[in-house]
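The structure appears right after this line, and notes come after that.
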Protein chains: 2
Amino acid sequence: MKLASLKHGRDGRLVVVSRDLSRCIAVPQIAATMQAALDDWANVVIHLRDVSDALNAGTLADAQPFDPADCAAPLPRAYQWVDGSAYLNHVELVRKARGAEMPPSFYTDPLMYQGGSDDMLGARDPITIRDEAWGTDLEAEVAVITDDVPIGVTPVQAASHIRLVMLVNDVSLRNLIPNELAKGFGFVLSKPASAFSPVAVTPDELEGHWHDNRLHLPLRTWINDIWLGEPNAGEEMTFSHADLIAHLARTRKLGAGSIVGSGTISNKDRSRGSCCLAEVRMIETIDDGAPTTPFLKAGDTVKIDMWDAKGQSIFGSIEQTVRLS
Amino acid sequence: MKLASLKHGRDGRLVVVSRDLSRCIAVPQIAATMQAALDDWANVVIHLRDVSDALNAGTLADAQPFDPADCAAPLPRAYQWVDGSAYLNHVELVRKARGAEMPPSFYTDPLMYQGGSDDMLGARDPITIRDEAWGTDLEAEVAVITDDVPIGVTPVQAASHIRLVMLVNDVSLRNLIPNELAKGFGFVLSKPASAFSPVAVTPDELEGHWHDNRLHLPLRTWINDIWLGEPNAGEEMTFSHADLIAHLARTRKLGAGSIVGSGTISNKDRSRGSCCLAEVRMIETIDDGAPTTPFLKAGDTVKIDMWDAKGQSIFGSIEQTVRLS
């Protein structure tokens with residue numbers, strides 16, 4: 001099942017989207033918003049699936065064309081956004097780029113940060129920055145949305161609370177990060193609003209590609225329509241999505257609609273490219289002594305997509321243009 | 001004007017509360033929830049004030065008795081909770097307790113962290129912990145709630161977006177903090193759910209005590225009914241509430257209902273006591289070589305309150321008991 005939030009007020013209008021992303025239908029009789037669906041997931045999911053089945057069978061005469069440009073983020077504002085760093089190849093490279101060491105505990109104790117969730121961008125919304133010198137970067141990731149997660153869940157229990165999967169562009173202001181992290185309290189200024197794929201999908205929709213609580217497909221990125229990378233999101237994910245949720249729930253319960261990100265997808269095989277410019281610049285530094293690829297400038301475009309085995313987009317693509325405010 | 005959210009579903013039932021905290025009345029014809037009121041503040045505030053005036057004049061026959069035990073947090077779940085560290089005396093002492101240095105930039109560049117906001121505790125809800133060894137501590141603070149704040153506001157502009165003021169207990173798991181902050185990405189496990197005062201009040205309700213975007217009254221704390229402190233929340237606040245909002249909005253706009261905390265209130269005058277146990281323990285270490293005051297244990301109680309010039313509670317008191325889950 002695929003779900004989206006069309007732009008409408010602060011919380012969007014929940015729609016069920018066809019598997020091929022061509023059509024959609026609002027479901028106010030079931031749930032008016034994505035948050036309302038997540039708040040009562042156990043009761044509404046059966047009804048949403050009935051609509052989804054009819055939509056995919058082509059038997060819903062009142063279905064509308066689906067346009068990703070009409071989409072807000074699946075949760076246009078959320079009660080929680082926490083991002084992990086589950087791909088340790090990325091963590092190693094970014095740490096090297098910052099001149100920071102990689103503690104051995106990072107292989108057993110997940111690194112996560114609490115992000116802002118009051119303003120989530122739709123897939124085609126611009127990345128609005130006030131200063132190009134801040135060093136704007138993309139971070140292409142996979143994220144999951146949970147329902148209510150009790151305190152102290154195990155990873156096995158956490159897995160049963162993963163209700164939806166989507167893509168994220170975790171926009172990062174690289175040149176603000178060193179000073180901010182040096183203050184010791186994590187990211188505040190250096191992580192502005194993130195953007196999300198047009199649709200969020202239930203794990204069963206991912207067919208055989210979702211196993212071990214990881215999504216085993218390449219995440220594809222382009223800058224200004226030039227290929228940047230396609231690392232596989234599954235095989236080198238040290239901590240699974242369930243591991244990340246269980247870590248987060250160690251000291252507190254999580255409310256329905258909590259979004260938990262994977263961190264930037266990254267593979268050791270350099271031929272697969274990268275999902276962020278910081279990684280490209282680090283590799284340039286290692287190879288050539290200095291980075292040559294610039295961070296994003298006004299007018300630059302970012303595209304993030306994931307395809308199924310037939311080459312069809314699963315979530316719709318994130319396509320953003322950088323804009324100076 | 002004083003507002004509260006009575007426990008009701010996930011988002012509470014908005015009530016207007018009388019100045020003396022004795023009576024309240026639901027206002028579904030204006031806004032069903034606190035978030036709904038904040039989403040449309042410019043339009044609803046006049047109507048809420050009319051109800052407040054009638055309630056305080058004693059002319060509302062259908063007003064109900066107000067009981068803080070019925071209260072959820074003013075925002076039972078919020079789209080953003082960011083906490084500052086505006087009292088540098090506290091920051092200095094806590095840093096010393098952790099063996100960390102105080103960078104000079106801390107006097108010009110506010111220290112803030114992004115907190116979890118999916119689960120906000122009511123004023124009489126228990127502090128639920130899984131392990132006493134985590135070192136549970138209170139942090140008594142003042143917080144403000146904003147409406148929509150544009151990106152790049154000045155402190156003067158930010159001040160006009162402060163809609164409500166309340167008290168917070170920013171519960172902290174002290175013994176988890178050193179390891180978590182050493183990872184470099186801020187607090188995740190070491191800051192479980194925070195608790196808020198029964199009512200949130202508009203700044204004008206604070207009379208002459210609210211000026212320079214600071215609340216100039218003592219914040220009073222007790223542990224197991226034993227006095228812990230009453231530092232003044234105004235005079236030694238290095239960064240005002242407006243300064244904190246402007247800092248946060250430097251790279252992004254803030255959504256309506258963003259909660260911005262002051263950080264633990266702290267004064268240099270030791271006779272005023274403390275608003276957290278970490279500070280008590282640090283002073284013991286300086287004076288006696290080692291801390292003797294333990295962190296909170298199951299069954300311990302915390303009380304946080306602020307009185308007006310007549311000794312009347314302004315926000316109602318936060319009164320919590322520590323409970324093992």
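Every heavy atom of this structure was used, including side-chain atoms; hydrogens, water molecules and symmetry mates were not. The sequence lines fix the lettering, A, B, ..., with proteins before strands; numbering per chain opens at 1.
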Heavy-atom distances under 4.5 Å only: say whether [X] touches chain B with side chain, backbone, both or neither.
X	value
A:W134	side chain
A:P110	backbone
A:P192	both
A:S85	side chain

Mind checking the [atom1]-[atom2] spacing from [X] to [Y]? Nearest 0.5 Å is all I need.
X	Y	atom1	atom2	answer
B:Y79	A:Q35	OH	CD	6.0 Å
B:D11	A:D39	CG	CG	7.0 Å
B:D118	A:S117	CG	OG	8.5 Å

Do B:L189 and A:M112 come within less than 4.5 Å of each other through their side chains, counting heavy atoms only?
-> no
Most heavy-atom pairs under 4.5 Å with chain A, out of B:V82, B:L111, B:V188, belong to B:L111
Which residue out of [options] racks up the most heavy-atom pairs below 4.5 Å with chain B?
options	answer
A:L173, A:D119, A:L176, A:N179	A:D119
A:Q114, A:E180, A:R130, A:R77	A:R77
A:D131, A:D109, A:L248	A:D109

Is B:R10 paired with A:D40 through a side-chain N to carboxylate O contact shorter than 4.0 Å?
-> no
Determine, step by step, whether B:F185 and A:D83 satisfy the side chain to side chain contact (heavy atoms under 4.5 Å, CB included) criterion, reporting the C-alpha distance in whole Å, the side-chain angles of both residues, the deciding distance to 0.1 Å, and the verdict.
-> CA-CA 10 Å; B:F185 275 18; A:D83 201 10; over 6 Å; no
Which of residues 249-263 of chain A have a heavy atom under 4.5 Å from any heavy atom of chain B?
-> A:R250, A:T251, A:R252, A:K253, A:L254, A:G255, A:A256, A:S258
Does A:R13 CZ have over 12 foreign heavy atoms under 6.0 Å away?
-> no
